Novice: 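Can you keep this structure in mind? I'll have questions shortly.
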Amino acid sequence: MSNAFAALQEMMSCQNREIHTNEKEVTEKEVTLHLLPGEQLLCEASTVLKYVQEDSCQHGVYGRLVCTDFKIAFLGDDESALDNDETQFKNKVIGENDITLHCVDQIYGVFDEKKKTLFGQLKKYPEKLIIHCKDLRVFQFCLRYTKEEEVKRIVSGIIHHTQAPKLLKRLFLFSYATAAQNNTVTDPKNHTVMFDTLKDWCWELERTKGNMKYKAVSVNEGYKVCERLPAYFVVPTPLPEENVQRFQGHGIPIWCWSCHNGSALLKMSALPKEQDDGILQIQKSFLDGIYKTIHRPPYEIVKTEDLSSNFLSLQEIQTAYSKFKQLFLIGFPSPPPYCGSDHTATLLFSPSSAYQLPSDNSTEFWDTDIKWFSLLESSSWLDIIRRCLKKAIEITECMEAQNMNVLLLEENASDLCCLISSLVQLMMDPHCRTRIGFQSLIQKEWVMGGHCFLDRCNHLRQNDKEEVPVFLLFLDCVWQLVHQHPPAFEFTETYLTVLSDSLYIPIFSTFFFNSPHQKDTNMGREGQDTQSKPLNLLTVWDWSVQFEPKAQTLLKNPLYVEKPKLDKGQRKGMRFKHQRQLSLPLTQSKSSPKRGFFREETDHLIKNLLGKRISKLINSSDELQDNFREFYDSWHSKSTDYHGLLLPHIEGPELKVWAQRYLRWIPEAQILGGGQVATLSKLLEMMEEVQSLQEKIDERHHSQQAPQAEAPCLLRNSARLSSLFPFALLQRHSSKPVLPTSGWKALGDEDDLAKREDEFVDLGDV
Amino acid sequence: MWWGGRGQSFNIAPQKEEPEMGSVQENRMPEPRSRQPSSCLASRCLPGEQILAWAPGVRKGLEPELSGTLICTNFRVTFQPCGWQWNQTLVHGYTVLYLLTSVSGLSRVQLLRPGSLHKFIPEEILIHGRDFRLLRVGFEAGGLEPQAFQVTMAIVQARAQSNQAQQYSGITLSKAGQGSGSRKPPIPLMETAEDWETERKKQAARGWRVSTVNERFDVATSLPRYFWVPNRILDSEVRRAFGHFHQGRGPRLSWHHPGGSDLLRCGGFYTASDPNKEDIRAVELLLQAGHSDVVLVDTMDELPSLADVQLAHLRLRALCLPDSSVAEDKWLSALEGTRWLDYVRACLRKASDISVLVTSRVRSVILQERGDRDLNGLLSSLVQLLSAPEARTLFGFQSLVQREWVAAGHPFLTRLGGTGASEEAPVFLLFLDCVWQLLQQFPADFEFSEFFLLALHDSVRVPDTLTFLRNTPWERGKQSGQLNSYTQVYTPGYSQPPAGNSFNLQLSVWDWDLRYSNAQILQFQNPGYDPEHCPDSWLPRPQPSFMVPGPPSSVWLFSRGALTPLNQLCPWRDSPSLLAVSSRWLPRPAISSESLADQEWGLPSHWGACPLPPGLLLPGYLGPQIRLWRRCYLRGRPEVQMGLSAPTISGLQDELSHLQELLRKWTPRISPEDHSKKRDPHTILNPTEIAGILKGRAEGDLG
């Protein structure tokens, strides 16, 4: 405590220096506000105290709180203290104390020791501002020493700019792109396939050997047919192009991916529901025609997976995640005693009544919490992950073992369709486990697949109900795979974490549109702004915008080994029948008899598409369960080929919490000198040694040098990293006295706890 | 490689060993199809062991399937693969009958109970060990041959009988060490004064000496023959003081921190005694051991009781059985319901608190537990693991267990259920789980690996050495014949070991080559161990408490995360015993009036702040940080088993040494013919070798 006090006094003295409101005149000692091109300062307040928790004691940092049209930023004085190697993993766009407006989740104000959500017009202004971020950071700002005028301006400014509904055109994306037009000299290609040209689709068809049975079509060029679909996509070769136009792209099978054995993953958006019998008849005969084309050889038997019924609902995902994230949104303990004579007790509560944090004190929460597992379970987030993975394994089984085509069916084919089809490809196609491949996959299935990022992330704050973290769910599923099979992936969990953070950075176009059509029309390509040249929007795949090359090494898995290429083509998946595939039960015999039931199958499909009643029977058949079990067990009983089929474990003990993403801001969760990083650095050391020896040997033989892997310098030279590395920015390990166990409570603490419980505020009262 | 458990835990492909013995063994090993167990088989038995039944079969569930013989003896059930190497090892991971909890024939899966003597054809038998292992053997000819039925029935009956736990007392030492003469044990057994003296010097405990007062076990049979007491205290005073502690277990040094503080342990004060002034003085001298500030820790406070531990372990075992009916989406709450992880967390937390007191605050801490034989050992070992880098080496850890558990008289036999169920409580297994948590959290700080912990875990019920099969050092010593010269010790109820003199009496569990192959022992090493990782600048600072008297002697009670001042150390002067009136001691005291430098601790201001010493580990014990030891507890689940066998970092290490050797060979000259030896760069880091490097670490965040 005494140290914290000293630190505060020091800061107070800093505060005596004049504070300039205009950032251009700010003295060098002051922390400058870095504005991006096109970014504008909207409002600010000085003498704001930010609570910092450090080594389990808290103190305050004075500084300016600033709100721009891009972010909320706190400019404190102790930035210089961060000059150690931990900060080398620094985001160039978003600083430690920056919150982009889209990253703000909830804003709470503390009035007379009571915490309330803030929204709309305020009559009274809070003495303390608590901001929960979507990346699970929690900021607390004390406004008690700020001028009243400034408090009003900053609080209403922040509330307005983060919570009021916005127009698409007002996204910072556009002002940034306009202003940065001249100086963006980034490599647009970046090797990620963007799937915005016919060529990209043809390339993908060729890569997966799907070009025998499927063709890329440009019927939707200029979005003439449908605004949901991308300009180019792939359909079965015999499908007449006019069919696409018939129901604006509904009801036609669209190709996602082809397996090495020829079976393909298809998706279809359901036909609009009609009551009228005549229209139903028309729909029926239309689907009949479609089915005939894709069922006849050379096409495999089609199995339909209806994702709109009997699987997850978006509502479930939303509820589960909002419960789940509350487990990690932990505030700071009550403010330090020097903050004022009155002892402020902050109260935390969760919007969902299902689970409430019992106290304001994070440490207390963790300590008294012996219910961690049941809380976790009651959120059912992990169970949803399990269901997604299981569904993906089932589909994999159909394609791999039974040689069937799988048709994913969903209302718009843009939510769970994206999720499941990406997971299937990740498991079956080793190319998708490289970084480029993964990025292309997201580009193909999510961005071009028309996932409504804008609505699902609620970027425009127009409809809270539409906000469903489907993409985050996907990343969490991928994390399970990465966690269970690290050597199979070229990217690391850190990559996934920063990717999830990038969802909220509005300078990248990738996650800020509902469809490629929306993007193109708003970029001026569609002739609305014919005189101005099209905006050049950044894609998130250009990681150099966010990270220095040094920091980027942490995104790359050092243990990943590329498959030795036999020929120059990238046809890994098809050339090698790896042992897993060979060992699978032969499937041709299983599937062929079914061809006799042609009529029945057709009926199934049509009933499925129209009525969606029968899918239950199909999905839960015993045979399917048995096949699944056999497939799953036999795969797991063999040793893993990291360049072949990859299945996750989905048993209860095997699904984990993505600790890096969810625990990174919680100082108590830090294990100094421990965690995975400890082994990783040792590993890297050894790998480097192996590599250098290898090179020496190669040199002796006058052969070419082995390609040198970039040395992950961030991990070197640092004596003891914490388990939260590289996100441990909050915690600088100082050599000052540390009370390790925040569980140590002041004497008589129990009474405090009881008191606080009495003061508990319910959301209903606000 | 019996039992499969081993094979999978250690990831050593059994085929590798097969070629090397091949022909030699052929004639000596029982032919799998022979109708009689050969005499050779019998000769592998322990003394007194008899083969009850046997049947040829195939071990299933693990790759590769092994054919061999399932043997049931009066001590154990064992599966002996055909042509298995027998020579250098006594028995490969055998288990005792005692381990069985359920047996089922698979034609229709059924649980076999001793009563169910119906006719059945056992196709396959699944035996679940109490140590979470699973042996799955399919019988030849679909179980139609009579041996299959016989061996199944023998196992079922033997299991029923094993509930009377007389087995252990009958088992004598193995003959394994015969002929090896008097060799030095791999780990000092702390049975001689020299061992204690060496260890004392290692810890640089200058204020302490080795006391020989218990040399004849007449102070306490549960205490070791030697222990450390303060220099200035005479043996007569020690004897006098120890009498006033529960079962004579007075305060002894456990560990000396180079900074000057000490960690002591003792039993509860003996309430019924009526000490005189002299006695009280002796007791106080012993407790205070020259320190001005002393912190008394009630070990039981906030830790589970023995019954809690036992119940949690039983629940955990039920949960981890393959046929446990817990749905996948209810797994986590079921795990929580066992409370096992909660107890692990409580232990870690308390140990972490105490180690900060001892190292950072340089205070002497006395662990007091009524019996001083269970949780005291657990806490003091954990504190040493957290605070002393030496204890984290393989050698250090083994001697730690030997000193704080074996020599200190942890009643292993009783706690592991060897003497009837009443006082069973696997405290030692709880300790191993705590250590495993540390291993997970600090993968670079321990020289031993998870496999070592598994081996230790599996060894606690193996009756080939006395280490874990006796309750007290006295019994252990008696059995091994050390006490021949002390025949005056009264030995009620124990018969002399039959001709025990021919055995190597120094044999202990630490003789790993008894049960494990060299390849397996190599895996005990943690390849990720990085001693430089933590700076070993273990600077012994001046001993402030000896040199600087400080404020007058103060005594503190540490309880529920806070310190409370005590008026006196001993309870007798004006109040009854400490542990008898614990209610007077333990209520949360009101905030004391003095200005507290460390409010959270309730530390007196003059104690000041000290930096954290470099070697100290502070474990995490939040909900998400305490995990389930899957490799141990989930071994019995066939579907989980597979994922657990991961190659290790050692693959990379092998690669490294290979390359270095290659380079060394080539350095003097460059010869063109070496081209043939050149390795393809692509194979150097092939994925299978490094496959599990991270996987081993990837133990995840939740059980």
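Quantities reported herein were computed from a predicted structural model and do not represent experimental measurements. Values below: all heavy atoms of this structure, side chains included; hydrogens, waters and symmetry mates excluded.
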Novice: When rounded to the nearest 0.5 angstrom, what is the spacing between CG in B/L341 and CH2 in A/W372?
Specialist: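 Taking CG in B/L341 and CH2 in A/W372, the distance rounds to 12.5 Å.
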Novice: Taking all non-hydrogen atoms of both residues into account, name the closest pair between B/R630 and A/K656 and its distance.
Specialist: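 Between these two residues, the closest heavy atoms are NH1-NZ, 4.0 Å.
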Novice: In Å and rounded to the nearest 0.5 Å, what is the CD to CG distance from B/E336 to A/L376?
Specialist: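 One gets 9.5 Å once the value is rounded to the nearest 0.5 Å.
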Novice: Apply side-chain contact (heavy atoms from CB on, under 4.5 Å) to the pair B/D329 and A/E377, showing each step before the final yes or no.
Specialist: CA-CA 7 Å; B/D329 56 338; A/E377 188 181 278; 5.8 Å; no
Novice: Do A/S374 and B/L332 make a side-chain contact, defined as non-hydrogen atoms from C-beta onward lying under 4.5 Å apart?
Specialist: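 No - every pair of side-chain heavy atoms lies 4.5 Å or more apart.
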Novice: Nearest 0.5 Å, what's the NZ-CG distance between A/K371 and B/D342?
Specialist: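 Going from NZ on A/K371 over to CG on B/D342, the span is 9.0 Å.
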Novice: For a quick test of reading the model, state the closest non-hydrogen atom pair linking B/I626 to A/F373 and the distance between them.
Specialist: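 In this case the closest contact between B/I626 and A/F373 is O-CZ, 4.0 Å.
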Novice: Could you list the residues that satisfy ring pair (Phe, Tyr, Trp, His ring centres under 6.0 Å) with B/Y343, not counting sequence neighbours?
Specialist: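 Partners of B/Y343 under the ring pair (Phe, Tyr, Trp, His ring centres under 6.0 Å) test: none.
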